[in-house]
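To find a chain, count down the sequence lines: A is the first, B the second, and so on, and within it residues start at 1. Bear in mind the structure is a predicted one, so any value in this text is a computation, not a measurement.
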Amino acid sequence: MDGDTSGVEGDNWNTDDELEIDNFSLSSNSSLTLPNGEALACSGEASSSAGSSNSKLIDHFIGMGFSEKMVAKAIQENGKENTDSILETLLTYSALESSPHGQQHIDSDHCSLECEGSFLDDFSDIDSFSDEEITNPVSDEEGKLSSLVKMGYTMDEASIAIERCGLDSSLVELTDFITAAQMAKVADVHFPLEDKPIPNHSFKKRKHFDYEMWKRKKQRGLEKRLLHDDDEEIIRLPNPMIGFGVPNDLCQTIHRTLPEAAIGPPFFYYENVALAPKGVWTTISRFLYDVEPEFVDSKYFCAAARKRGYVHNLPIEDRFPLVPLPPSTISEAFPLTKKWWPSWDPRTKLNCLQTCVGSAKLTERIRKAIEDYDGEPPQHVQKYVLDECRKWNLVWVGRNKVAPLEPDEVEKLLGFPTNHTRGGGISRTDRFKSLGNSFQVDTVAYHLSVLKAMFPNGINLLSLFSGIGGAEVALHRLGIPLKNVVSVEISEVNRNIVRSWWEQTNQRGNLIDLPDVQQLNGDRLEELMGSFGGFDLVVGGSPCNNLAGSNRLHRDGLEGKESSLFYDFFRILDLVKCIMNKTQ
DNA sequence: AGTAGTATGACGATCAAG
DNA sequence: CTTGATCGTCATACTACT
């Protein structure tokens with residue numbers, strides 16, 4: 001999808017229940033932060049974990065060297081009965097925590113235990129709370145966002161609060177807003193309480209706690225470097241990157257057992273770049289019900305590499321590939337290049353298709369560099385040319401002539417129909433951008449193929465961050481009828497592409513497109529699902545802007561401006577799950 | 001001259017694999 | 001250790017129009 005997701009317009013919120021929050025006074029926090037209010041707000045499980053009956057259990061684990069916050073979260077997740085799984089969770093957390101990127105995500109989870117005590121602490125010094133104390137924010141907004149996340153709120157909640165309250169509002173105002181929103185949500189029967197424990201509002205204490213935590217983690221990180229890191233829970237990429245199997249793979253007898261919480265309905269399928277900063281996939285996996293990601297390189301499906309991670313709860317037996325099988329090498333995909341391909345260019349597969357392509361000037365420079373020599377150019381020229389060709393995915397189109405791929409060639413490689421992104425007022429630049437952000441259809445279709453036997457009459461699909469409709473095209477090419485498709489995509493050109501494809505392929509189903517995942521709330525989902533009886537599949541690849549290696553400027557990880565929309569994928573999936581369970 | 005859309009090049013770090 | 005890959009962003013110059 002496109003990068004700009006910040007266009008939240010207040011007008012569109014009129015139907016949202018959150019709007020009612022405006023009626024709350026932002027400055028008066030007393031009534032909202034009373035322990036009574038918390039007890040009312042928390043689910044049974046969450047509030048009981050804060051009770052005194054657990055103190056022995058907590059002390060037990062604290063005695064083992066785990067932090068109070070961790071123990072509370074682990075108990076909350078596993079229940080107080082199952083001490084074994086609590087211990088296992090704690091061990092996992094402590095491993096995660098020692099990773100440089102993983103540590104901040106522990107903080108981003110909620111914990112109701114910190115509610116204990118000091119409710120009556122005054123907040124008078126809260127405004128002196130300096131963001132820079134903990135993080136090094138680039139802007140005021142990011143600083144506030146980051147602070148809120150560290151205080152235990154979701155990225156989603158934090159950004160909405162800033163949108164609604166304004167950038168110059170204090171942290172107290174922002175946290176009050178979120179609390180009020182959560183209060184309002186509690187009234188909504190469909191709000192998944194167990195996954196959104198109400199954060200406490202003992203600001204002073206939490207601030208202090210977090211700061212101490214941060215110092216401790218920093219310290220531990222230093223210690224860690226001196227020790228072995230063999231117990232790191234960092235997810236490793238498989239080599240070869242074939243996930244749970246690719247077509248023509250001989251050993252396809254892999255079985256897996258999904259965690260209980262991950263089992264559908266609905267089925268879900270999440271995608272993002274495999275080479276994300278350390279700890280990102282651990283966090284993604286943890287949020288998506290602890291499902292182990294499947295890392296696959298699309299070079300096993302087509303002539304271009306595309307290293308991606310997929311988290312899904314689909315069966316992995318009896319998969320089958322799309323037919324016809326796409327060309328597997330560059331020369332098969334583009335036969336005309338064979339004639340001009342020099343023997344000293346060993347490439348048979350293209351690298352990852354990106355959002356930008358090489359310039360005409362660059363190909364000109366390359367031509368001139370080779371032209372000076374009669375036969376084979378010297379080593380250093382070969383090296384230069386090959387480096388540029390690999391970096392920009394250039395192919396040989398004439399004597400001494402290289403060129404970037406054309407948009408229709410990229411469409412072909414990615415498994416889309418030719419001219420899928422063409423016309424309708426879409427520029428060449430935008431085509432490359434949309435295609436570069438898309439799925440490789442054959443790869444995704446292989447994973448989704450198991451649905452065909454299960455849903456002979458078709459499926460209802462929720463497609464988040466749809467882009468140019470990679471999931472829709474994959475399902476269609478598999479011959480799985482699309483009954484109702486709700487497609488959420490911020491970019492208007494992309495929505496037009498999907499709409500136009502939908503009409504051209506004579507779909508019998510119903511396509512509903514929405515612009516913004518952030519505005520898709522429980523009410524709207526319930527309304528949509530009520531009309532056709534729930535979703536069979538939720539698909540989405542959230543923005544990779546802040547995860548991708550090509551991003552020199554803002555590779556900020558999952559908390560980055562765009563990539564944090566992952567949490568909206570989780571939020572919405574969890575809402576769908578909740579509603580589905582309720583109506584069954 | 002103003003404007004909107006387009007093309008170009010400068011901008012390294014991170015992480016895995018050999 | 002070195003090599004290689006990587007769903008990118010930004011300011012600026014350029015182009016094709018009014």
Side-chain angles (χ1 to χ4, degrees), chain A residues 1-4 99-102 138 229 232 234-241 270-282 295-299 302 304-310 346-347 349-366 383-384 386-394 404-405 407 410-411 413-416 421 425-441 443-444 465-468 470-471 489-491 493-494 540-557 560-563 565-566:
Chain A
M1 60 169 281
D2 271 5
D4 184 14
S99 79
H101 288 87
V138 188
D229 46 0
E232 293 272 335
I234 292 298
I235 294 177
R236 292 223 166 261
L237 299 174
N239 186 19
M241 199 183 279
Y270 174 81
E271 178 259 12
N272 216 320
V273 291
L275 282 73
K278 271 184 179 168
V280 165
W281 277 105
T282 313
F295 293 102
V296 184
D297 190 335
S298 292
K299 74 179 182 183
C302 68
R306 210 168 184 77
K307 296 173 184 65
R308 296 295 180 266
Y310 306 89
R347 292 176 299 154
K349 301 269 186 185
L350 292 161
N351 281 335
C352 185
L353 303 164
Q354 311 225 51
T355 54
C356 297
V357 292
S359 68
K361 295 278 169 89
L362 172 64
T363 65
E364 175 73 355
R365 285 196 295 273
I366 289 175
K383 171 98 167 81
Y384 162 70
L386 276 178
D387 282 350
E388 295 296 321
C389 284
R390 282 197 247 255
K391 190 194 298 179
W392 294 104
N393 262 331
L394 306 174
L405 296 171
V410 180
E411 285 167 349
L413 284 167
L414 291 177
F416 289 94
T421 59
I426 296 144
S427 75
R428 193 182 147 85
T429 314
D430 280 346
R431 288 180 77 186
F432 283 122
K433 187 168 179 182
S434 293
L435 285 162
N437 283 320
S438 174
F439 287 166
Q440 205 289 321
V441 170
T443 311
V444 171
F465 314 101
S466 300
I468 57 175
E489 168 58 39
I490 195 81
S491 154
V493 286
N494 284 350
S542 62
C544 67
N545 302 26
N546 312 114
L547 310 179
S550 329
N551 193 336
R552 270 99 144 151
L553 299 174
H554 314 288
R555 198 182 186 187
D556 307 326
K561 190 162 172 258
E562 286 84 21
S563 294
L565 287 170
F566 158 74

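- A straight line from CZ of A/Arg431 to P of B/dG5 spans 19 Å, rounded to a whole angstrom.
- Residue whose closest nucleotide on DNA chain C sits further toward the 5' end, between A/Cys544 and A/Lys383: A/Lys383.
- Between C/dC7 and A/Asn545, no contact under 4.0 Å exists linking OP1 or OP2 to a side-chain N or O.
- Between the C1' atoms of C/dA5 and B/dG12, the separation comes to 13 Å (whole Å).
- In terms of the side-chain contact (heavy atoms from CB on, under 4.5 Å) criterion, residue partners of A/Ala305 (sequence neighbours excluded) are, by chain and number, A/Asp297, A/Lys299, A/Lys307.
- With rounding to whole Å, A/Asn437 atom CG is found 15 Å from C/dT6 atom P.
- In this structure, A/Arg236 and A/Gly358 both approach DNA chain B, and ranking their closest nucleotides by distance from the 5' end singles out A/Gly358.
- The separation between A/Met241 atom CE and C/dT6 atom P is 10 Å, rounded to whole Å.
- Applying the 4.0 Å criterion to OP1 and OP2 of B/dT14, one finds that A/Lys278 has every side-chain N and O outside that range.
- Rounded to a whole angstrom, the distance from the C1' atom of C/dT6 to that of B/dC11 is 15 Å.
- Residues passing the salt bridge (charged side-chain N to carboxylate O under 4.0 Å, His left out) test with A/Arg306: none are found, sequence neighbours excluded.
- As a whole-Å value, the separation of A/Asn546 CG from B/dT14 C1' is 15 Å.
- Taking 4.5 Å as the limit, every side-chain heavy atom of A/Thr363 sits out of range of all side-chain heavy atoms of A/Trp392.
- Residues satisfying the side-chain contact (heavy atoms from CB on, under 4.5 Å) test with A/Cys302, not counting sequence neighbours, are A/Ser298, A/Ala304, A/Pro326, A/Gln440.
- One interatomic measurement links the two molecules: CD of A/Gln354 to P of C/dA5, which rounds to 11 Å at whole-angstrom precision.
- Every side-chain contact (heavy atoms from CB on, under 4.5 Å) that A/Leu553 has, sequence neighbours left out, goes to A/Asn551.
- Applying the salt bridge (charged side-chain N to carboxylate O under 4.0 Å, His left out) criterion to A/Arg428, with sequence neighbours excluded, gives A/Glu406.
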Note, DNA chain B 5' to 3' with Watson-Crick or G-U pairs under 3.5 Å encoded as ( ), [ ], | and . gives |||||||||||.||||||
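- Looking at heavy-atom distances under 4.0 Å, A/Arg308 makes contact with a base.
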N/O contacts under 3.5 Å, protein versus nucleotides 9-12 of chain B?
unit_1, atom_1, unit_2, atom_2, d
B/dG9, OP1, A/Arg365, NH1, 2.9
B/dG9, OP2, A/Ser359, OG, 2.5
B/dC11, N3, A/Arg552, NE, 3.3
B/dC11, N4, A/Arg552, NH2, 3.0
B/dG12, O6, A/Arg552, NH1, 3.3
B/dG12, N1, A/Gly549, O, 3.0
B/dG12, N2, A/Gly549, O, 2.9
B/dG12, N2, A/Asn551, O, 3.4

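- Judged by closest nucleotide on DNA chain C, A/Arg306 is the one of A/Arg306 and A/His554 placed further toward the 5' end.
- The side chain of A/Asn239 has B/dG18 as its nearest neighbour among B/dG18, C/dT6, B/dT6.
- Taking the salt bridge (charged side-chain N to carboxylate O under 4.0 Å, His left out) definition, one finds that A/Lys383 meets it with A/Asp387, sequence neighbours left out.
- Residues passing the salt bridge (charged side-chain N to carboxylate O under 4.0 Å, His left out) test with A/Lys391 are A/Glu388, sequence neighbours excluded.
- Summarising the geometry, the separation between CZ on A/Arg347 and C1' on C/dA5 is reported as 13 Å, rounded to the nearest angstrom.
- The CH2 atom of A/Trp281 sits 16 Å away from the C1' atom of B/dC15 (whole-angstrom rounding).
- Across all strands, A/Leu275 comes closer than 4.0 Å to no nucleic acid atom at all (heavy-atom distances).
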Between A/Ile490 and A/Phe465, does a side chain to side chain contact (heavy atoms under 4.5 Å, CB included) hold up when you go through it step by step?
CA-CA 7 Å; A/Ile490 195 81; A/Phe465 314 101; over 6 Å; no
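- Residues A/Pro404 and A/Asn393 are not in side-chain contact: their nearest non-hydrogen atoms beyond the backbone lie 4.5 Å or more apart.
- Here A/Thr429 does not reach the OP1 or OP2 of B/dT6: none of its side-chain N or O atoms lies under 4.0 Å away.
- One atom, CG of A/Leu237, and another, C1' of C/dA5, lie 12 Å apart when rounded to the nearest Å.
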